[in-house]
J.: 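Input: one structure, supplied below.
Predicted model only: the values in this text are computed from it and were never measured. The sequence lines fix the lettering, A, B, ..., with proteins before strands; numbering per chain opens at 1.
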Amino acid sequence: MPGVALFQAVSPKPDLVAQEHDVLALWDARRTFARLRAQNAEGPRWSFLDGPITANNPMGVHHAWGRTYKDLYQRFHAMSGEHQRYQNGFDCQGLWVEVNVERDLGFTSKRDIEAYGIAEFVTLCKQRVLTYAARQTEQSIRLGMWMDWNDPNELRRLHDLLGSDAASVTTIEGPDGPVTDSAEMLVGRLGMPDTGGSYFTFSNENNDLIWGFLAECHRRGWLYKGHDTMPWCARCGTGISQTEMNEGYQDREDPGLTVRLPLPDRPGEALLVWTTTPWTLTSNVAAAVGPNLPYVKVRQGADLLWLGKARLKSALVGPFEVLEERPGRELLGWRYLGPYDELPAVREAFAGGTRDEPGQPYEHRVIEWSEVGEDEGTSIVHIAPGCGAEDFALGKALGLPVIAPLDEAGIVLDGFGSLSGRDVRDVADPVIEHLKREGRFYRVEPYRHRYPHCWRCGTPLVFRLVDEWFISMGPVYDKPRADLSAAEVDASLRYQIMDVVDRIRWIPEFGHDRELDWLRNMQDWMISKKRYWGLALPIYDCAACGTVEVIGGRDELRDRAVEGWDRFEGHTPHRPWVDEVRIDCPGCGAPVERIRDVGNPWLDAGIVPFSTLHYREDPDYWAKWFPADFITESFPGQFRNWFYSMLAMSTVLRREEPFRSIFGYALVFAEDGRQMHKSWGNAIEFDEAADRMGVDVMRWMFAKARPEENIAFGWHAADEARRELLVLWNVYSFFVTYARLAGWTPTEGIGDAIERAGTWSVLDRWILSRAAGLAADVGARLHEVDAVAATRAIGAFIDDLSTWFLRRSRGRMRAGANPGDRDAAFASLHAALVSLIRTMAPILPFLTEAMYQNLVVSVVPALPDSVHLTEWPAAVMAPHRDEPLERSMATVRRAVELARTLRAQSGMRTRQPLARAWLAVPDRGMTLDEAMLGLFADEVNVKSVEVIADGSDLLDRRVKPLLPRIGKRLGAAIPSIMTAAREGSVEFHPDGSVTLAGVTLGPDDVEVQATPRPGTAVAEDDGLVIVLDTELSPALVAEGDARELARAVQDLRRAAGLQLDDRIDLWVEGLPEGIAPHLEAVAGDTLAEIADGQAPSDATSAELVLGGGTVRIAVRRAPG
RNA sequence: GGGGGAGUAGCCCAGUUGGUUAGAGGCGCCGAGCUUAUACCUCGGAAGUCGGUGGUUCGAGUCCACCCUCCCCUACCA
């Protein structure tokens, strides 16, 4: 076919990584993604909302799992013609960025930050975000993720300008033209419609809308300042919310310290209390007992000690004598001497007395607490309201004094004697020393327990009395949700959120229960943090009159500002600039400053369904894209983080679900089954994985992984995934090789096949039917967010394509094959491959694109120039579907397997032709026509196949009693019945009943199975019976030998490194008589001329044993 | 501490309302076969006291009790 372009030659061993880079360049050059968006611009909307990735470090392979899903579902929906937003998101604000910036600067405390300057520090935080946003953008592009990306170099330019002169005016290219502003404000405007690109949660709009949300919470009375003892990280100088607490539990060893507290009214007697936090003893206020628990007084030497009876053996050291037993209630009110009564802080706190007895100084006493248990310590609990939440609640209920010993950095405050000024982590030993000196020490021993740590920096938390801001979640009612009245739901945000959760499709389903469970147990949401880089909480708490005002947006702030607006204007709404603004107190008119706290970062991510969809500035747009059709993130953790914050905020603002369906997946682990850790040497960086395994291999692994289970990610798993893809590549490479040799090209893509396939052979029609079925199946699966089933179906298809279609069609594509049949083979294989790669394109965008370029673009230029611009192939392939044909083919293939098993059992190699096979096919409305039988005959190498009606003569009948039916009835007779069945001692009766071991069972009680009679070449499977005629005539033997010879010649060709179409000279020496007639055929198959005489020395030679004699063969490329 | 889940072949694991010979699948191993798609594929095989102990039953991987180990969720008990 002169003048027609051929396929490009393909290496059988592809460099997948290099190929991926070529494809990226191709997409770039052809603006493929932009054209896809244009192509779908009028299509139905599919709203995907990207959960923001924290722009704080390079992306890891665990991100690649989620991003694979995000990209593959976006690509799939694009192939269905759907219009999408393609907006990636970066999470920008919060402690995690601060901690890294601090580390870079070598800072160890908040004081360092203050000294450095908050403005400078915040700028560094912004810069860090821009740095890693640029980096992650590049990595995501490398992964093949199609999003509306910013130019990473523009992000880096803004980074630099922020550092050198944030106020300098510059211009960036937006989707609708250039946008000019100061560098700082451009950074604050990233992701908006005029600037385009990814959204950044530090953006002005994002912060502004959170202000609006908080103002709404305030309007409804849900925002409040709490005064409470909270978990606190002394290193970070910030309170830790309930959400964050859950992330940070670790095992830790603390001193388990038992202390004697003398009872002045009972000379010589003392209470024993136990604590794992010695520093809190400074702030001891009371000792709690369980009123109904038994307590005892024991004598140890001169000591008289009180403790819980149940704790005697474990709490005491050494021998003891029990003197007295009393219930806890009889101990109530006892005065005792505290461990640190002499401290000024203690005296001062106690001087005011209690709420109920304000006149006289408070003294330590025994109080009642129902929560006191008998499992640990002494059953007398040390109570320090300034150092524990439960202690605080108890103290509050009883009106007890509160002693708060720590400042925000965990340093002991003044008034604590020699402990003052020391770090809370270093005071355990001084406390113990003090107790020993005072005669209060009883014992200390290491105690291991799970203890909360800071999720970010790993510091053990302390409990500290602080003011923090909360959003109330509303009451928890003690009854089922179904019984709640509308008024009760209206009064409780948590139940409103639950109703929203019910409207969402959770995949996997357990997510629904998890979220509800979290909401049930959720305490009020602590949204404040005493830090620097984050959402500036727009709360104005009047020191003069106590009025709290919450500002709902930047414009409102400008209107309300009484001073400092000029110093804020031109800046993003961050500290320290926004702190300059004061408003007038609506209560008393005094100028009020913003509280200095920043916001919980999940507020930043939670507002995204509003901020990124332009809820305020373009309500029509928002209404079109809200709620999102789909989000996907890793499940662990997000129930209480992103999912929760989105649900809470959307419920407050709209009482609507922010997304319709959510797909969750688990965690990426290393191949050794452990979490990846750099220090364990089992971590794999994303860039390394991309460079070494290639991103398609990674995507294939991720798409195949069961999302509800952690994935074991590593090089071996990657090799396995690559092998699967290489099978496809081999088919492709084979196809291209032979199509080139034959000069075959399609004229209209898969249209060739659609036009003419009706007349093609069963193999062709079968593979096209399979391809059609695959496209339909994978489409349905991906619609259901089931990538596992999709990849499984694809894998099975590739296997069919390679091991059956191509295996049986290879001869059809060789030189000398029937031209019409050969073209049909090429056309059907080509169509199947093209349909397949379109079906795989969302999952494997690079491999499929590379193949598409060659299979389609290089030969049919009129078609779309990217596989990603083609439509989902299910519809166009549907006419090829022929399910009866697929069922028949499955039977043939099963028959082939049985025949192979038979050959193996009888030691009859497949190369040896046999005269006949008999085949009995179970009657399931299935017939095997000539062509099907021909496939079977060719594959198992038999001269003829005869279909017999019934294979039962060849088989033994065995009886399998159906135990679930007869077991209950026959009881103890079962063993003998089963033995009889196993041994075949069966009596069959005409009505279908049988007798076994003297027991007659009805036809329904047994299953009669056919098994091959031992010693015959018969195989059976579910009614399919195969018999081989293993009688060998001399002619058959000779034919087998000839095939053996041909095989040997082919091996030699390969050993000699010859090309597929090289012609050879062939020398054969010592050929047995009988084979001679076949020699010409062998020569034909191997492109050989039979040469006479001695083989030359430069020929490649070998020996083989044929018909009992040694045959020597040699080959050499024919000259010319 | 509370709640839930899991322990089956060298490894990852399936195992229906209890049914007698414990296996679908994947990796690995051994053997054979097929093939110029040349370490791809196919067929066959080996190997397990089903975490332990006791119980119910004609019969237990499966049900019950206790114990051991691991994981997840949850929890500021001192």
Side-chain angles (χ1 to χ4, degrees), chain A residues 12 229-231 240 242 245-246 249 256-257 273-277 280 287-288 369 371-373 375-384 387-392 447 449-452 461-463 510 513-514 517-518 521 636 639 666 671 673 704 709-710 712 716-717 719-720 723 726-727 729-738 792 799 802-804 806-807 810 896-905 907-911 939 941 961-968 970-979 981-982 1047 1049-1060 1062 1086-1087:
Chain A
T229 302
M230 297 287 299
I240 300 294
Q242 186 196 5
M245 281 275 284
N246 287 315
Y249 278 88
L257 178 62
V273 301
W274 180 76
T275 182
T276 57
T277 47
T280 63
W369 188 30
E371 297 300 304
V372 174
D375 298 330
E376 270 181 320
T378 63
S379 285
I380 304 178
V381 179
H382 149 61
I383 301 293
C387 307
E390 284 172 321
D391 306 46
F392 183 81
Y447 179 76
H449 57 161
R450 297 264 289 166
Y451 192 83
L461 300 181
V462 294
F463 288 82
F510 70 80
D513 290 341
R514 280 272 184 85
D517 190 54
W518 164 251
N521 296 309
F639 291 103
E671 255 175 348
K704 279 176 57 168
E709 280 170 25
N710 298 330
H716 293 101
D719 284 341
E720 217 176 289
R723 267 212 302 277
L726 285 183
V727 173
W729 189 268
N730 280 335
V731 174
Y732 164 65
S733 151
F734 178 97
F735 167 77
V736 169
T737 303
Y738 283 90
R792 239 177 238 159
D799 198 59
S802 170
T803 64
W804 190 244
L806 191 59
R807 181 182 169 82
R810 276 166 36 224
V896 166
E897 270 175 34
L898 288 173
R900 273 206 278 260
T901 304
L902 274 182
R903 276 184 172 273
Q905 281 167 2
M908 198 67 77
R909 56 168 48 146
T910 307
R911 244 174 257 144
E939 179 62 21
N941 199 16
L962 297 173
L963 282 163
R965 285 184 60 86
I966 65 170
K968 290 259 154 37
L970 296 170
I974 294 292
S976 55
I977 293 172
M978 295 310 292
T979 305
R982 211 173 300 135
R1047 177 91 278 283
V1049 173
Q1050 300 288 33
D1051 272 344
L1052 270 191
R1053 286 187 60 114
R1054 166 167 154 57
L1058 300 179
Q1059 299 295 311
L1060 286 179
D1062 283 338
T1086 56
L1087 300 182

J.: Arg514(A) near the nucleic acid: base, sugar-phosphate alone, or nothing, with a heavy-atom cut-off under 4.0 Å?
T.: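 Sugar-phosphate contact only.
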J.: Protein within reach of the bases, or only the backbone? For nucleotides 5-10 of chain B, mark each nucleotide 5' to 3' as B, S or -, using heavy atoms under 4.0 Å.
T.: ------
J.: Give Arg723(A) one of three labels, base, sugar-phosphate or nothing, depending on what nucleic acid heavy atoms sit under 4.0 Å from its own.
T.: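 Arg723(A): backbone/sugar contact only, no base atoms under 4.0 Å.
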J.: Quantified in whole Å, what is the P atom distance between nucleotide rA22(B) and nucleotide rC50(B)?
T.: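 Pairwise P distance, rA22(B) against rC50(B), rounds to 11 Å.
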J.: Under 4.0 Å between any heavy atoms, over every strand shown, what does Phe735(A) touch: base, sugar-phosphate, or nothing? Just pick one.
T.: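 Nothing, no nucleic acid heavy atom in range.
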J.: Between the side chains of Asp719(A) and Arg723(A), is the shortest nitrogen-to-carboxylate-oxygen separation below 4.0 Å, so that they form an ion pair?
T.: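 No, Arg723(A) and Asp719(A) are not salt-bridged.
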J.: Which part of the nucleic acid, if any, lies within contact of Thr901(A), taking any heavy atom under 4.0 Å across all strands shown: a base, the sugar-phosphate backbone alone, or nothing?
T.: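 Sugar-phosphate only.
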J.: Answer yes or no: does a side-chain N or O of Tyr732(A) lie under 4.0 Å from OP1 or OP2 of rA37(B)?
T.: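 So the side-chain polar atoms of Tyr732(A) never come under 4.0 Å of the phosphate oxygens OP1 or OP2 of rA37(B).
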J.: In chain order, what residues pass the ring-ring contact (aromatic ring centres under 6.0 Å, His included) check against Trp274(A), with sequence neighbours excluded?
T.: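 With neighbours one apart ignored, the set is Tyr447(A).
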J.: Assuming nearest nucleotide by heavy-atom distance, tell me which of Gly377(A) and Phe734(A) is located more 5' along RNA chain B.
T.: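 Per heavy-atom nearest nucleotide, the more 5' residue is Phe734(A).
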J.: Are side-chain heavy atoms of Leu1060(A) and Leu1087(A) found at a separation under 4.5 Å?
T.: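 With C-beta onward as the side chain, the pair stays apart.
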J.: Which whole number of Å gives the distance between the P atom of rA14(B) and that of rG54(B)?
T.: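 These two P atoms come out 28 Å apart once rounded.
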J.: Under the 3.5 Å rule, do the base of rA37(B) and the side chain of Ser802(A) count as making a donor-acceptor pair?
T.: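 Per atom types, the contact qualifies.
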J.: Identify, between Glu720(A) and Gln1050(A), the residue whose nearest nucleotide on RNA chain B lies closer to the 5' end.
T.: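 Going by which nucleotide is closer to the 5' end, it is Glu720(A).
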J.: Looking only at heavy atoms, what is the nearest atom pair of Tyr451(A) and Leu461(A), with distance?
T.: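 Answer, listing the atom of Tyr451(A) first, then Leu461(A): OH-O, 2.8 Å.
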J.: Is Leu806(A) touching bases, backbone alone, or none of the nucleic acid, heavy atoms closer than 4.0 Å?
T.: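 The residue Leu806(A) makes base contact.
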J.: At 4.0 Å (heavy atoms only), tell me whether Arg911(A) reaches a base, stays on the sugar-phosphate, or touches nothing.
T.: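 Touches sugar-phosphate only.
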J.: Using the P atom in both, what is the distance from rC43(B) to rG28(B), to the nearest Å?
T.: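 After rounding to an integer number of Å, I get 15 Å for this pair.
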J.: Looking across every strand, which nucleic acid part, if any, lies under 4.0 Å from Gln1059(A) by heavy atom: base, sugar-phosphate, or nothing?
T.: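 Base contact.
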